[in-house]
Amino acid sequence: MSGLPGAGGFTGFAVRRLAGAAVTLLAISVIIYLVFYVAPGDVAQITCGPRCSPAQVHQVSEQLRLGDPLYLRYWHFLQGIVVGHDYSTGTSLQHCGAPCLGLSYQSDQQVTHLIWTKLPVTLSLVLGAMALWLVLGVGTGVLSAWRRGRVTERVLTGVTLAGTATPVFVIGLVLMIVVCGQLQWLPFPQYVALTEDPEQWAWNLLLPWLAFALIEAAKYARLTRASMLETLAEDHVRTFRAYGVGERSIIGRHALRGAVAPVIALNANDVGSAIGGAVLTETMFGLPGLGRELVHAVQVVDLPVVVGMVLVTGFFVVLANAVADVLYAVADRRVVLS
């Protein structure tokens, strides 16, 4: 492998990754449909909820087309995601625009609308925490690799191991007791929309960001340290040292560049997973995001909301993996793109 891949090679690589992501999403939709809508039991009764009358259950059964063959039922489900659906509420017809993820018969809301109202909260939590875990994790990893064999490295290694082993609810509880209760440096978190008051938005999310980021930062610190130590052991770095290049220059200009690619790939994957996995953080701090809504939907057996949440989570995970592959190729030109 020699030279850099051209624009055509990179474009082909990106197209293949996106096409693979589309196929994966289709496979995920099939699995989710089979798990939730072809499961044993009265699917119409479960979807409608325990308070529905027999007439309402019959209406839901017709809307889900449970009497049709399986492939037609799935096609109807997929068609709603792509072009939308019309739902009969008994007295009127309600249109659910694409992507239509169904109708919650317990709250009388479209699942897509419900998710869109909760998504900004989860994105605020995840993206803010991401910025912190990158700064803390990469910075700690660089310092640990730079001070290899010294007391600083041993202390940082112990801290990162402790961070990896500590659950987020423990860190969150300690932060609330100390920072909000004893020191009173921050208020107890209460979500404020970014569009309403940016300062209060950040101020109220700072504690959840810290709790979420401290767990992830430990993982990034270990990855950055390992990648940098591997790069520092390469021949070209020893050549730089032989020519008298300063250690700080070697760390900043050469070793850190070698550690960037795996960090980018891991970060893209983690952001996708965190959007669907922020349940503990949102529940602990009372943030009205996707995770907290999913917990509530499971508790009340709101099947359309659960299915919609799982689909959206799968979408973000697959999209993040595709983006990670492309960013990895951009950061490390040694990746074979053709």
Side-chain angles (χ1 to χ4, degrees), residues 32 35 111 114-137 140 159-182 185-194 201-223 266-303 305-321:
I32 290 174
V35 168
V111 176
L114 189 63
I115 290 175
W116 278 118
T117 58
K118 306 296 182 180
L119 186 58
V121 182
T122 301
L123 289 179
S124 296
L125 171 64
V126 171
L127 296 181
M130 180 197 72
L132 282 178
W133 79 50
L134 283 177
V135 172
L136 294 174
T140 301
V159 170
T160 54
L161 286 174
T164 305
T166 307
V168 66
F169 62 85
V170 173
I171 292 181
L173 184 61
V174 171
L175 286 175
M176 281 195 292
I177 292 174
V178 175
V179 177
C180 299
Q182 295 180 353
W185 287 349
L186 291 173
F188 285 96
Q190 184 175 0
Y191 182 74
V192 177
L194 175 63
W201 168 82
W203 196 246
N204 280 275
L205 281 174
L206 183 57
L207 210 61
W209 284 342
L210 283 172
F212 205 165
L214 287 174
I215 300 295
E216 294 293 327
K219 179 169 55 178
Y220 284 87
R222 297 178 67 185
L223 175 64
L266 179 63
N267 184 66
N269 292 333
D270 282 351
V271 168
S273 301
I275 289 176
V279 176
L280 285 176
T281 307
E282 290 180 357
T283 304
M284 168 169 289
F285 291 102
L287 301 177
L290 292 179
R292 189 179 175 191
E293 184 63 31
L294 178 59
V295 171
H296 177 262
V298 171
Q299 289 173 340
V300 300
V301 198
D302 197 344
L303 186 59
V305 175
V306 174
V307 173
M309 293 285 186
V310 174
L311 278 172
V312 169
T313 300
F315 168 79
F316 278 111
V317 171
V318 172
L319 179 64
N321 275 272

- Task: Just do the side chain to side chain contact (heavy atoms under 4.5 Å, CB included) check on L290 and M309 with the steps written out, would you?
- Result: CA-CA 7 Å; L290 292 179; M309 293 285 186; 3.6 Å; yes
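- For the atom pair Y191 OH and L125 CG, the distance stands at 10.0 Å (nearest 0.5 Å).
- Within the 4.5 Å cutoff, side-chain heavy atoms of L287 are placed close to those of L205.
- Counting heavy atoms from C-beta on, the side chains of V312 and F316 come closer than 4.5 Å.
- Using the six-membered ring where Trp is involved, W209 and W201 have ring planes that are perpendicular, over 60° apart on the 30 and 60° scheme.
- In plain terms, the two heavy atoms of R292 and E282 that are nearest each other are N-OE1, 3.0 Å.
- Across all non-hydrogen atoms, the minimal contact from P288 to V121 is O-CG2, 3.6 Å.
- Between atom CD of residue E216 and atom CG of residue L134 there is a gap of 10.0 Å, rounded to the nearest 0.5 Å.
- Residues P187 and W203 come closest through the heavy atom pair CD-NE1, 3.2 Å.
- Taking all atoms of both residues into account, the shortest heavy-atom contact from A211 to G172 is CB-CA, 4.0 Å.
- Each of L207, L280, N204 was checked for a side-chain contact (heavy atoms from CB on, under 4.5 Å) with F285, and the lone residue meeting it is L207.
- Residues G181 and F188 share a closest heavy-atom pair of N-CZ, 4.3 Å.
- Smallest separation of non-hydrogen atoms from N321 and V317: ND2-O, 2.7 Å.
- Rounding to the nearest 0.5 Å gives a distance of 11.5 Å between CG of L214 and CZ of F212.
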task = Begin with the C-alpha distance, continue with both residues' side-chain angles, and end with the deciding distance and a verdict on side chain to side chain contact (heavy atoms under 4.5 Å, CB included) for K219 and D270.
result = CA-CA 11 Å; K219 179 169 55 178; D270 282 351; 3.1 Å; yes
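- Contact annotation: the side chain of W133 approaches that of N267 to within less than 4.5 Å [non-hydrogen atoms, C-beta and beyond].
- In this structure, I275 and L123 have side chains that are in contact, with non-hydrogen atoms separated by less than 4.5 Å.
- Annotation: the span from E293 atom CD to D302 atom CG amounts to 8.0 Å, rounded to 0.5 Å.
- The distance from atom CD of Q299 to atom CG of L294, rounded to the nearest 0.5 Å, is 10.0 Å.
- Note: I115 CD1 to T122 OG1 = 10.5 Å, rounded to the nearest 0.5 Å.
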